[in-house]
Each structure stands twice: as structure tokens, then as C-alpha cells.
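For reference, the structure discussed in these notes is given below.
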Protein chains: 2
Amino acid sequence: MPETDADPLAESTGYALRRAAMSMLGDLADRLAAIDCRISEVSVLLLVNKNKDITATQIARALEIKRANMVGLINRLESRGLIKKIPLDGKSQAIVLTPKGGRRSARALTITQQFEDDLIARVPAEHRNHLLPALRSLWL
Amino acid sequence: MPETDADPLAESTGYALRRAAMSMLGDLADRLAAIDCRISEVSVLLLVNKNKDITATQIARALEIKRANMVGLINRLESRGLIKKIPLDGKSQAIVLTPKGGRRSARALTITQQFEDDLIARVPAEHRNHLLPALRSLWL
DNA sequence: TATTGTTATACTCTATAACTATA
DNA sequence: TATAGTTATAGAGTATAACAATA
């Protein structure tokens with residue numbers, strides 16, 4: 001059976017970057033299904049946990065999510081009782097974790113840290129310490 | 001002005017991988033707009049150019065695209081006169097480049113090779129040779 | 001029976017434009 | 001004037017289930 005010749009994609013760092021990211025995101029999404037959360041939702045929970053009285057706009061800037069797309073994300077977390085909104089003034093509102101959200105955030109942190117350990121363990125030792133700096137150099 | 005504390009995301013290889021891939025894909029998509037092609041379309045053109053009489057199902061396997069999602073992709077390329085379908089038997093059909101598709105594929109290759117060079121150039125020299133093998137180890 | 005191509009459908013993520021109210 | 005939150009909308013990628021025709 002003749003295999004397809006994937007060149008020049010096979011030698012492409014860009015293509016490998018996309019495939020590695022897709023693979024990684026699929027794995028992480030599967031693990032986060034255990035706490036009924038999407039990757040984007042967990043990103044918000046962890047960020048809110050670390051930053052008291054952060055606003056939706058600040059979250060959007062930190063995660064490079066468009067403000068318009070924060071609305072559904074925040075509302076979904078709020079409707080599940082994981083976060084609540086607290087008015088800071090007439091215009092801004094802080095996003096804070098509820099007790100339930102705090103517990104969910106803690107579980108999310110456990111899962112993501114284990115995920116991170118497993119991810120790094122798959123990289124051969126001689127390349128391991130180069131990966132994060134290399135990725136950061138591409139992270140405009 | 002207090003900045004947001006993005007930890008633990010800031011130290012996460014998984015997060016950096018996602019951000020690097022998103023940044024890279026955005027850059028590439030911008031460059032491919034010059035030849036009015038999406039990234040997925042160019043992937044198909046380059047693959048078809050390298051593999052004579054490849055079928056849509058084989059393309060789908062090589063690029064890890066679901067067969068159902070190949071239909072629109074192939075039809076869009078066909079309606080623009082870049083590829084044509086040639087029956088192999090009553091069930092399978094080869095996807096081949098038209099002359100116009102061949103020229104488009106050549107331009108796509110020039111753009112993607114320049115893109116690749118620019119991408120690699122952004123990685124500090126001491127990490128450069130480690131990136132591709134590290135990514136491949138994560139590419140399940 | 002398994003495979004190819006296809007239709008239909010749905011969900012996620014991303015993106016822009018424009019509106020309201022407030023700083 | 002600029003910013004925060006929001007609405008509406010659209011495009012792109014990805015996913016599954018199911019079907020007809022053919023190997």
C-alpha cells in the first residue's frame with residue numbers, strides 16, 4: 001500500500017507547531033471534561049483565582065480574547081455558580097470566584113499541573129529545556 | 001496601573017504552545033491572503049502536488065482532516081479551477097491540480113518556504129535545532 | 001463487509017461592527 | 001473622548017451520525 005508523501009509539510013516547523021498544539025489541546029480538553037470545563041473556562045478560572053477584582057476586559061487582554069467573546073464565557077461560568085460579578089463603579093465589574101468556583105479552580109489546577117508534567121515528560125531530555133524559550137520567541 | 005498576574009499560565013508550556021501556534025497561524029493566514037488561499041487549502045494543494053492521483057480520503061488521512069470536512073474544501077478548490085477530480089474506479093476519484101492549480105501551488109510553496117525561514121529565524125540560535133524534534137515528540 | 005464520497009448538523013473559537021452607559 | 005460591557009453576526013475549523021454506491 002503506497003503511503004502519501006507529506007513533504008514539504010513533514011519538514012515544516014510551522015506545520016509541526018500546529019499539529020503539536022492541536023494534539024495537546026485535544027488531550028487537555030479530554031482531561032478537563034472530568035470537571036465539566038472547557039480550556040477557555042479554566043484559563044479564566046485560574047486567572048481570576050490569581051487576580052483579585054480583575055475585570056472582564058482585563059481578563060480579555062491577558063488571555064488575548066476579544067471583549068465581545070468574553071460575554072458568553074463569563075455568563076456561562078456565572079450561570080453555573082462558579083463566578084459572580086461585583087460592581088466596582090457604574091461601568092466596571094470585578095469577576096470573582098464563588099466558593100464553588102474556588103473548589104473548581106483548585107481541581108482545575110491539579111489537572112493542568114499533571115497535564116503539564118506529562119506534556120514535558122514526553123519531550124526528550126536533550127530538547128526539554130529548549131522548548132519553552134523557543135515557543136516564547138514565537139509568541140508575538 | 002496594576003498589571004494582571006498571568007501565572008500559572010505564564011509558566012505553562014502548554015499555554016505557550018497554544019499561543020505560539022495561534023500567532024504563527026495568524027501570520028501565515030495573512031501571507032496566504034495574497035494568493036487568496038486559506039491554510040487548509042494550501043495544505044491540500046501542496047499535498048496534491050507531491051502525490052499524483054491521491055484521493056480525498058488519502059488527503060484527509062494525511063492531514064488528519066475528517067472525510068466529511070474534505071467535501072467543502074475540495075469543492076471550493078474545484079469551483080475556483082485549482083483542482084479537478086478524475087475517476088479512478090466507480091467509487092474513488094483522484095484529486096489532481098489543474099494548470100492554474102499548479103501555478104497557485106508554486107506560489108504557495110514560495111510563500112510557505114519564506115514563512116518557514118522567517119519563523120525559524122525568530123527562534124534564538126541556541127534553541128533553534130531543538131524546536132522541531134521537541135514538537136514532533138508532542139505530535140501524537 | 002468495508003470503504004468512498006456525501007449530506008446534514010452542531011459546537012467551538014475567533015473576528016468585526018455598532019450600540020449603551022459611564023469614566 | 002475613551003473605556004466597559006454588550007449585542008448581533010459571520011467565518012473558519014472540527015466533530016458525529018447516517019446514507020447510497022461501490023470494492
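Lettering of chains follows the sequences in order, A, B, ..., and the numbering in each one begins at 1. Bear in mind that the values here come from a model prediction, so they are computed numbers and not experimental data.
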Could you please name the option among [options] that lies closest to any side-chain atom of [X]?
{"X": "A:Gln93", "options": "C:dG5, D:dA17, D:dT6", "answer": "D:dT6"}
{"X": "B:Asp89", "options": "D:dA23, C:dA23, C:dG5", "answer": "D:dA23"}
{"X": "A:Ser92", "options": "D:dA4, D:dT6, D:dA15", "answer": "D:dA4"}

Exercise for the section: Sort out for me which residue in B:Thr98, B:Val96, B:Ile95, B:Val44 forms a side-chain contact (heavy atoms from CB on, under 4.5 Å) with B:Ile83. Expected result: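 Of the listed residues B:Thr98, B:Val96, B:Ile95, B:Val44, the side-chain contact (heavy atoms from CB on, under 4.5 Å) partner of B:Ile83 is B:Ile95.
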
Fill in the blank from the handout: Result for 5'-nearest mapping on DNA chain C, choosing between A:Ser40 and B:Asn69, is B:Asn69

Practice task
Could you check A:Met22 against A:Asn75 and say which one's nearest nucleotide on DNA chain D is further toward the 5' end?
Solution key: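 Looking at DNA chain D, the more 5' nearest nucleotide goes with A:Asn75.
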
Handout entry: Flag, side chain of B:Glu116 to backbone of A:Thr13, donor-acceptor distance under 3.5 Å
Key =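 Judged by distance alone, yes, a pair lies under 3.5 Å.
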
Problem - Flag, side chain of B:Ser92 to backbone of B:Leu88, donor-acceptor distance under 3.5 Å - result: no

Rounded distance in Å - [atom1] ([X]) to [atom2] ([N]):
{"X": "B:Arg67", "N": "D:dT14", "atom1": "CZ", "atom2": "P", "answer": "16 Å"}
{"X": "A:Ile86", "N": "D:dA4", "atom1": "CD1", "atom2": "C1'", "answer": "17 Å"}
{"X": "A:Ile74", "N": "D:dT7", "atom1": "CD1", "atom2": "C1'", "answer": "16 Å"}
{"X": "B:Glu41", "N": "D:dG13", "atom1": "CD", "atom2": "C1'", "answer": "12 Å"}
{"X": "B:Ile65", "N": "D:dG13", "atom1": "CD1", "atom2": "C1'", "answer": "9 Å"}
{"X": "B:Gln58", "N": "C:dT4", "atom1": "CD", "atom2": "P", "answer": "8 Å"}
{"X": "B:Ile59", "N": "C:dT6", "atom1": "CD1", "atom2": "P", "answer": "12 Å"}
{"X": "B:Ile39", "N": "C:dT14", "atom1": "CD1", "atom2": "P", "answer": "14 Å"}

Is [X] near enough to [N] that one of its side-chain N or O atoms lies under 4.0 angstrom from OP1 or OP2?
{"X": "A:Thr57", "N": "D:dT3", "value": "no"}
{"X": "B:Arg38", "N": "D:dG13", "value": "yes"}
{"X": "B:Arg18", "N": "C:dT14", "value": "yes"}
{"X": "B:Lys85", "N": "C:dT4", "value": "no"}

Exercise for the section: Could you check whether B:Arg76 gets within reach of a base, just the sugar-phosphate, or nothing at all, counting any heavy atom under 4.0 Å? Expected result: nothing

Practice task
Identify whether any heavy atom of B:Met70 sits under 4.0 Å from a base atom; if not, whether one sits that close to sugar-phosphate; answer base, sugar-phosphate or nothing.
Solution key: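 Result for B:Met70 = nothing.
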
Practice task
Could you tell me whether the side chain of A:Lys91 has a donor or acceptor atom within less than 3.5 Å of a complementary atom in the base of D:dT3?
Solution key: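 Counting by modelled atom types and ignoring angles, a donor-acceptor contact under 3.5 Å is found here.
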
Exercise for the section: Apply salt bridge (charged side-chain N to carboxylate O under 4.0 Å, His left out) to the pair B:Asp36 and B:Arg107, showing each step before the final yes or no. Expected result: CA-CA 11 Å; B:Asp36 194 34; B:Arg107 294 184 65 192; over 6 Å; no

Handout entry: Nearest atoms (heavy-atom pairs only) where B:Arg128 meets B:Val123
Key =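 For B:Arg128 versus B:Val123, the nearest heavy atoms are NH2-O, 2.8 Å.
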
